[in-house]
Participant: 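I am attaching a structure below and will ask some questions about it afterwards.
Convention: sequence-line order gives letters A, B, ...; per-chain numbering from 1. Quick note: numbers below take in every heavy atom, side chains included, and nothing from hydrogens, waters or symmetry partners.
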Amino acid sequence: MSGKDVGSPHSHTTSRSSISRRTLLASGAAVGATTALGGCLGSEDNRLTVGFALPFTGTYALLGESIVAGFELFIEQQGGEINGREVEFVRRDTEAETSRGVDVTRELLLEARADAIVGPVSSAVAMAMIQPIQTESSAIWFNANAGDYRVTAEGCPEYHFRTSFNDWQTSAPLAEFVYEEVADNVCLAYADYAFGQNSKEFFKEAFEDLGGEVVEEVGAPLGTDDFSPYLGDIQGSGADAVYSFFAGDDAVNYVNAFSDFGLNEEMVQTGSGFMLANDTLPAQGESALGMYSLLHYTTTHDTERNREFVENYVEMYDETPNVYACQGYDSAQAFAGAVEETGGTDPDEMAESLVEMEFDSPRGEFEFDPETHEAIQNLYVREVVEADDGESVENEVVETLEDVEGPDWGCSHR
Amino acid sequence: MVESVLRATLLGLQLGMTLALIAAGLTLIFGMLDVINFAHGALYMLGAYFGTVIAGQFGSFWLALLLAPLMVGLVGAAIEILSLRPLYDRNPLYHILLTFGIAIMIQGAIIQIWGAQSRQIPIPDLLSGTVAVGPVNYPVYWLFVLGVSTVLIGIVWLAIERSDLGILMQASAHDTEMVSALGIDVSKVFTGVFVFGAILAGIAGVLLGGSRSVHPGMGFGIIIEAFIIVVIGGLGSFRGAVYAALLIGLVTAYGALIAPTLTELFLFIMMAIVLMAKPSGLFGATEAA
């Protein structure tokens, strides 16, 4: 008990009690022990503390684990240090519950004294995190997945840097490709919740601006198992193409039903990249062939930088990285860059330095928009093709949209 | 419009019959053993996962359809013999806690072994593609699922109503002591019923695993629907479960046409109405007595 922690025995006791059973179970006793140790020693001045506010249990556990894996890979590659300072990790499970957002953030900021917050996965949680992070002003925030544009639009939080994507980026820029290469009329199909609705609206706006026509909109509730009633409406629209937003299991069920009903022979399926991603393609298989989607990262993207990343990741974890792992990796890169540039962890200084930097990411180079702190990055139009092994399917990049800049969300006054 | 209704009707029937496979086991287990089996959804999920493994390993859907349910039956036997049997004469709360715990354990084991990613059971070429049903093209596989489920439910129905075994099952449920006094090992009948219910759930798992994504949340998703069905049909009533399953299947399918986001609410409202008007369920009073 020395240094920074003098005079705050409080943090000693509370940080221990805050290691819930769940956290221990989820992240393993080893991590729990580190956390307790970190709490006791009050993170020696020299250490950097990274707080993960991510779901480690429940539906989104896979995303949380992938982000951490990507982040830790980068730190490992730096010998576990940034700027000569050891990096320690503290995990807090958001359970993807909005109500946990504030608690988790406070714990990370006040007890673990995190220098950087990484997370969350769910946008509702992100919205809840804005306030505590702004109030404490003690950490920089790398939003490694929560893509709702409103996280930026509502107040343009200054410590918030989106190392992932926003819902405009994964929808609207595809409109031009669809309009020019696929069809001038589409039916929109979407998971009926905030992210799905936003994606659909952004695409629609962009598509109509180009002169395209949206003939029908079909929303299906989140967690739909059987899509056949909705497919009837999609087919009945008579559109030549569909733009869809579904993710996870919905995407698997939707894409498979779409092909089971033979709609893939009548209309071209296009959509957000989350619909045809690493976590869904194995279950979609041949059903997904020929479908187009847009995303900022593709595991099979054939660049030297990405091949190197994939190789390293496979070596460390024995599985291929997904888009979430890349977002975690880039969060680590951004944090390392900011610490090295400023020589410290002052969040205001880090925020100023981050907008000046350019990052060499597996997804391609990207930088932060000085106003919105959104990533200005390449977006890739991919087509699902047969993999070389002849059995599985994979994405092939067919067009690169370079350094796409999105709306400013009213942040230009910054 | 006609197409939509026809398509929804086919889906509703198919959903109804597969849900009936799951709800039948649940209601039989309750009827005979007086146990509310919260692990039933997990058994259904195990069927789907065993199906993906077998189909993946041997490249045969048919083998998966045959073996996976039997493996689920084995798991069911283990659950009944090792954990439920010692608790039969306890308060039903123990059964609920136990089976709920088992459901969580199975889910956890599945995530540990196979990960959280979605999977699917590849269907054979014979069953892929679509076929014209009147004005709509309908996937062959979905019709296959409808057909197999309907036939199975028919066989089970006959077996319960007509066969000696079915009569024995009903007798054991009605008066355990009397049946036991007649020299029949009732505990074997109980194990048999539990295993049988598990096998039906396993079959449903493989069948639906070919058209829906297979993921660690599917067990808890289905158990809620199955419970609504069993409550509406009448706890313990096989006939009730089949009718209620068809009702729920059709409501779900038509609901998606009319008001997608409200469909789930409809189901709960239906359950509430049935509970208020006839607390024993539609067919509860006659059979479960």
Participant: Report, by ascending residue number, the residues of residues 120-133 of chain B in heavy-atom contact with chain A at a distance under 4.5 Å; give 'none' if the set is empty.
Facilitator: Gln120(B), Gly129(B), Thr130(B)

Participant: Do any of residues 247-258 of chain B have a heavy atom less than 4.5 Å from a heavy atom of chain A, and if so, which, in residue order?
Facilitator: Ala253(B), Ala256(B), Leu257(B)

Participant: Just how far is it from atom OG of Ser118(B) to atom CG of Asp250(A), taken to the nearest 0.5 Å?
Facilitator: 9.5 Å

Participant: What residue in Ala257(A), Gly236(A), Ala283(A), Gly219(A) has the most heavy-atom pairs under 4.5 Å with chain B?
Facilitator: Ala283(A)

Participant: How about OH on Tyr94(B), more than 12 heavy atoms from neighbouring residues, nucleotides or ligands closer than 6.0 Å, or not?
Facilitator: no

Participant: Mind ranking Ala61(A), Gly285(A), Pro229(A), Gly223(A) by heavy-atom pairs under 4.5 Å with chain B and telling me who comes out on top?
Facilitator: Pro229(A)

Participant: Once rounded to the nearest 0.5 Å, what's the spacing between atom OG of Ser211(B) and atom CG of Asp225(A)?
Facilitator: 9.0 Å

Participant: Among Thr261(B), Val5(B), Leu11(B), which has the most heavy-atom pairs under 4.5 Å with chain A?
Facilitator: Leu11(B)

Participant: In terms of heavy-atom proximity below 4.5 Å to chain B, should Glu286(A) be classed as side chain, backbone, both, or neither?
Facilitator: neither

Participant: With a 4.5 angstrom heavy-atom cut-off, which part of Tyr230(A) approaches chain B: side chain, backbone, both or neither?
Facilitator: side chain

Participant: Which residue pairs satisfy the side chain to side chain donor-acceptor pair (under 3.5 Å) criterion with at least one member in residues 137-154 of chain B, sequence neighbours excluded?
Facilitator: Asp260(A)-Trp142(B)

Participant: If you count heavy-atom pairs within less than 4.5 Å of chain A, which of Gln14(B), His215(B), Gln117(B), Met218(B) leads?
Facilitator: His215(B)

Participant: Give a yes or no on whether Met316(A) atom CE has more than 12 heavy-atom contacts from other residues, nucleotides or ligands under 6.0 Å away.
Facilitator: yes

Participant: Given heavy-atom pairs under 4.5 angstrom as the criterion, report whether the side chain, backbone, both or neither of Thr280(A) touches chain B.
Facilitator: neither

Participant: Is there side-chain contact between Pro260(B) and Asp192(A), with at least one heavy-atom pair below 4.5 Å?
Facilitator: no

Participant: I'd like to verify something: which residue of Asp279(A), Val252(A), Leu62(A), Asp249(A) has the highest number of heavy-atom pairs under 4.5 Å with chain B?
Facilitator: Asp249(A)

Participant: Can you tell which part of Asn256(A) gets under 4.5 Å to a heavy atom of chain B, answering side chain, backbone, both or neither?
Facilitator: side chain

Participant: Excluding sequence neighbours, so at least two apart, what forms salt bridge (charged side-chain N to carboxylate O under 4.0 Å, His left out) with Asp226(A)?
Facilitator: Arg212(B)

